[in-house]
Amino acid sequence: MLAQYLLDPDQKAWGLDRIGDAWGLAGDTSTAEGLADLVYRVSYPIDAALEESHLTSTLNEMEIPFAAVLADMEMAGIRTDTAYLRTFGAKLGIRIAELERQAYELVGTHDYSLQSPKQLGTLLFDVLGLAPTKKTKTGLSTDVESLEAIQKEHPAIPLILELRQLTKIKGTYTDSLVRYVTPDGKIHPTFLQTGTSTGRISCIDPNLQNIPARTEVGREIRQAFIPSHDGWVLVSADYSQIDLRMLAHLSADANLCNAFAQGEDIHLHTASQVFDVPESAVTPEMRKRAKTINFGIIYGISPYGLSRQLGIGGEEARQYIERYMERFPGIRNYRDRVVEAAQRDGYVKTILGHLRRVPHINSRNNMERQEAIRQGFNAVVQGSSADVIKMAMISLSKDLQPLKARMVLQVHDEIVVDTPPDELERVRGMMQRSMESAIHLSIPLVTHLSCGSNLRDLE
DNA sequence: GCAGTCACG
DNA sequence: ACGTACGTGACTGCA
């Protein structure tokens, strides 16, 4: 199997040429002997580089075993109800046709495609004379944010928004997904272990890491993902706030660590701190803003970005960030230390030592440098969380070995297992244990478990 | 093949 | 005056 993989002239051999080039080595990759020789010679400088970065054990104890875990997961696959997807797709088709009819009637012309952003822009901003709110590189934007801003200005806009949403769901998740179902009734996606710059995995053909979850109509797609056998169960376990907990651990900020140690509602806590009121006085709006601030912190916050996200002024956003950093001084200090190290080394490191290079960290171009700072800081947090869930999956994989239950999906902070009912309680215990004790942090890692007969109805 | 859009964490 | 929240992949229209 490996030899076949290596000899496929359109895939891995080409990749090995590139690896050889990258390490200053050349070879004849058209034969098995040449490939083996190149693999052998390239192993020396790679091993040396790993040693120098103290990544030999991370490779051997995490990434190599993890590759096998991903392979198991791909081979297991997830059973998919194609009849349901077809029926749902047909229903969406009817609704889409009706929305199209109504929208064209309201705009009074059939001369512009509502599907084409360019033509829709011409229709809305030139023909109908609506005021644009946002630009793209090449013209006027018609994305959700832009359309929502002007939806009170013309009765067709809400219909176009729904049309957009439904065509997206139908196009990506009903008709197209069915084509991936193999004769065993399952979808077997490919997980890319080196698909991201932060250490997360990605998923292709199809991407099952972006199945709709945020809207009711979207969640109906999740009903199509079911256990592999009648009576079996899908169990999902997801980390609660893993990125913020990781940041608390890495920074050792006393305030944030205490909040997690005491099991606080973290967005409520942040709201209370930033808006300087007792937790009992935090309004839903304040909590929502605090949630946005917490996300912003993970992303390497900027006043401009936060102001855009919250729809507030730049000065107000600046004050929020200032107040946050006053209340969580360990976060500011940690961010400064990460940036300083990155400016010295040209890379940042995750909790297990994975590197992310940030070549523009010392750029004289302000925007380019700020971008590198955000990317570097975020990569430490996101990448360290990725390290945690990878270790959890390796551990869980060993636990599941003697059982029939199998991992079928990983979605960054979530693992889904397909299990027979008589293994359910053991599997739940294994998932919780392996995830919560994957890597020991100074604060607890917390998971939420749920199970059900499809990916939507989990409780 | 790129740009725009939108699905996810 | 202007501008960027982090990380992905799939689909569509259009050069």
Side-chain angles (χ1 to χ4, degrees), chain A residues 112-122 134-147 160-161 163-177 179-180 189-192 194-215 217-219 221-222 236 238-244 247 292-310 314 317 320-321 348 356 358 365-383 385-386 389 409-415 455:
Chain A
Y112 305 89
S113 166
L114 303 178
Q115 320 286 343
S116 159
K118 193 172 173 214
Q119 291 188 40
L120 179 62
T122 306
K134 193 170 130 186
K135 288 191 284 192
T136 67
K137 268 184 262 180
T138 57
L140 301 176
S141 175
T142 65
D143 69 9
V144 172
E145 190 192 336
S146 309
L147 294 186
I160 293 168
L161 278 166
L163 189 61
R164 274 265 179 86
Q165 186 198 14
L166 298 188
T167 52
K168 177 78 173 190
I169 292 171
K170 179 169 158 59
T172 309
Y173 303 106
T174 65
D175 314 333
S176 327
L177 221 44
R179 292 196 278 272
Y180 285 99
T190 299
F191 291 96
L192 303 185
T194 56
T196 71
S197 51
T198 56
R200 279 187 175 182
I201 59 172
S202 70
C203 182
I204 59 169
D205 302 328
N207 182 1
L208 294 187
Q209 288 184 320
N210 69 348
I211 302 302
R214 295 173 186 172
T215 67
V217 59
R219 271 192 293 276
I221 294 294
R222 294 188 161 243
S236 166
D238 64 288
Y239 283 110
S240 164
Q241 302 297 341
I242 188 170
D243 286 344
L244 273 179
L247 180 60
T292 303
I293 293 170
N294 279 333
F295 270 108
I297 294 295
I298 301 298
Y299 294 156
I301 205 158
S302 76
Y304 180 75
L306 185 64
S307 74
R308 284 291 311 271
Q309 202 62 34
L310 286 176
Y320 284 1
I321 295 169
V348 295
R356 158 127 194 205
V358 275
N365 178 329
N366 211 352
M367 242 175 51
E368 197 173 59
R369 186 178 66 255
Q370 293 303 325
E371 186 179 11
I373 289 174
R374 288 194 306 274
Q375 289 171 340
F377 182 76
N378 173 259
V380 176
V381 180
Q382 193 184 106
S385 298
I389 196 166
L409 290 177
Q410 185 253 50
V411 195
H412 312 308
D413 66 351
E414 174 191 17
I415 298 170
L455 212 49

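The basis for the numbers below is simple: all heavy atoms, side chains too, and nothing from hydrogens, waters or symmetry mates. Note on naming: letters A, B, ... go to the chains in the order of the sequence lines (proteins, then strands), and numbering restarts at 1 for each one.
- Counting to the nearest Å, the P atom of dT4(C) and the CG atom of Asn366(A) are 12 Å from each other.
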Residues 369-376 of chain A side chain polar contacts: donor-acceptor under 3.5 Å, at least two apart:
{"residue": "Arg369(A)", "atom": "NH1", "partner": "Ser363(A)", "partner atom": "O", "Å": "2.9"}
{"residue": "Arg369(A)", "atom": "NH2", "partner": "Asn366(A)", "partner atom": "OD1", "Å": "2.9"}

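- Judged by distance alone with a 3.5 Å cut-off, a donor-acceptor contact links the side chain of Ser302(A) to the base of dT4(C).
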Output the pairing pattern of DNA chain C as a dot-bracket string, 5' first, Watson-Crick or G-U wobble with both distances under 3.5 Å, | for cross-strand pairs, [ ] for crossing pairs. .....|||||||||.
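- Within the 4.0 angstrom heavy-atom criterion, only backbone atoms of the sugar-phosphate kind lie near Gln375(A); the bases stay farther away.
- In summary, the side chains of Thr198(A) and Gln382(A) do present a donor paired with an acceptor at a separation below 3.5 Å, with no hydrogens or angles considered.
- Interatomic distance, Arg219(A) CZ to Arg214(A) CZ, rounded to the nearest 0.5 Å: 11.5 Å.
- Checked against Val381(A) for a side chain to side chain contact (heavy atoms under 4.5 Å, CB included), the options Ile242(A), Val348(A), Leu247(A) give a single hit: Leu247(A).
- Taken residue by residue, residues 135-145 of chain A places heavy atoms nearer than 4.0 Å to DNA chain B at Thr136(A), Lys137(A), Thr138(A), Ser141(A), Thr142(A), Asp143(A), Val144(A).
- Checked against salt bridge (Lys or Arg N to Asp or Glu O under 4.0 Å), Lys170(A) has the following partners two or more places apart in sequence or in another chain: Asp175(A).
- Leu192(A) meets the side chain to side chain contact (heavy atoms under 4.5 Å, CB included) test with Thr190(A), Ser202(A), Ile204(A); sequence neighbours excluded.
- Within 6.0 Å of atom CZ in Phe295(A), 12 or fewer heavy atoms from other residues, nucleotides or ligands are found, so the atom counts as exposed in its surroundings.
- The residue Arg308(A) sits apart from the nucleic acid: no heavy atom pair falls under 4.0 Å.
- Nucleotides dC8(B) and dG3(C), compared at atom P, are 28 Å apart to the nearest Å.
- Residue Arg356(A) has no polar side-chain atom (N or O) positioned under 4.0 Å from OP1 or OP2 of dC6(C).
- Every residue two or more places apart in sequence or in another chain was checked for a side-chain hydrogen bond (donor to acceptor under 3.5 Å, both in side chains) with Tyr299(A), and none qualifies.
- The CD1 atom of Ile373(A) sits 12 Å away from the P atom of dC6(C) (whole-angstrom rounding).
- Spacing between atom NE2 of His412(A) and atom P of dT8(C) amounts to 10 Å, rounded to whole angstrom units.
- Take Thr215(A) and apply the side-chain hydrogen bond (donor to acceptor under 3.5 Å, both in side chains) test, not counting sequence neighbours, and it matches Gln165(A).
- Applying the side-chain hydrogen bond (donor to acceptor under 3.5 Å, both in side chains) criterion to Ser236(A), with sequence neighbours excluded, gives Glu414(A).
- Gln115(A) approaches Thr167(A) most closely through the heavy-atom pair OE1-CG2, 4.0 Å.
- Residue contacts shown for Thr167(A) are absent, as no nucleic acid heavy atom lies under 4.0 Å away.
- Judged as a salt bridge (Lys or Arg N to Asp or Glu O under 4.0 Å), and not counting sequence neighbours, the contacts of Glu145(A) are Lys134(A), Arg308(A).
- Sorted by first and then second residue, the salt bridge (Lys or Arg N to Asp or Glu O under 4.0 Å) pairs with a member in residues 199-213 of chain A form an empty list; sequence neighbours excluded.
- Mapping Tyr304(A) and Arg374(A) onto DNA chain C by nearest heavy atom places Tyr304(A) closer to the 5' end of the strand.
- Residue-level contact check: Arg369(A) touches neither bases nor backbone, having no heavy atom under 4.0 Å from any strand.
- Comparing the C1' positions of dC2(C) and dA7(B) gives a spacing of 30 Å, expressed to the nearest Å.
- Among the atoms of the strands shown, none is found under 4.0 Å from any heavy atom of Ser385(A).
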Heavy atoms under 4.0 Å is the rule here; annotate nucleotides 9-15 of chain C 5' to 3' with B where the base is hit, S where only the sugar-phosphate is, and - elsewhere. SBS-SSS
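- Of all the heavy atoms in Ile293(A) and Ile301(A), the pair that sits closest is O-CD1, 4.0 Å.
- At the heavy-atom level, Gly300(A) lies nowhere under 4.0 Å from the strands shown.
- As a whole-Å value, the separation of Ile298(A) CD1 from dT8(C) P is 17 Å.
- dT4(C) and dT5(B): their P atoms are spaced 16 Å apart (whole Å).
- Nucleic acid contact class of Ile201(A) (heavy atoms, under 4.0 Å, all strands): none.
- A pairwise comparison of heavy atoms in Tyr320(A) and Leu306(A) identifies CB-CD2, 4.1 Å as the closest pair.
- Nucleotides of DNA chain B that come within less than 4.0 Å of any heavy atom of chain A span, from the 5' end to the 3' end, dA3(B) to dG9(B).
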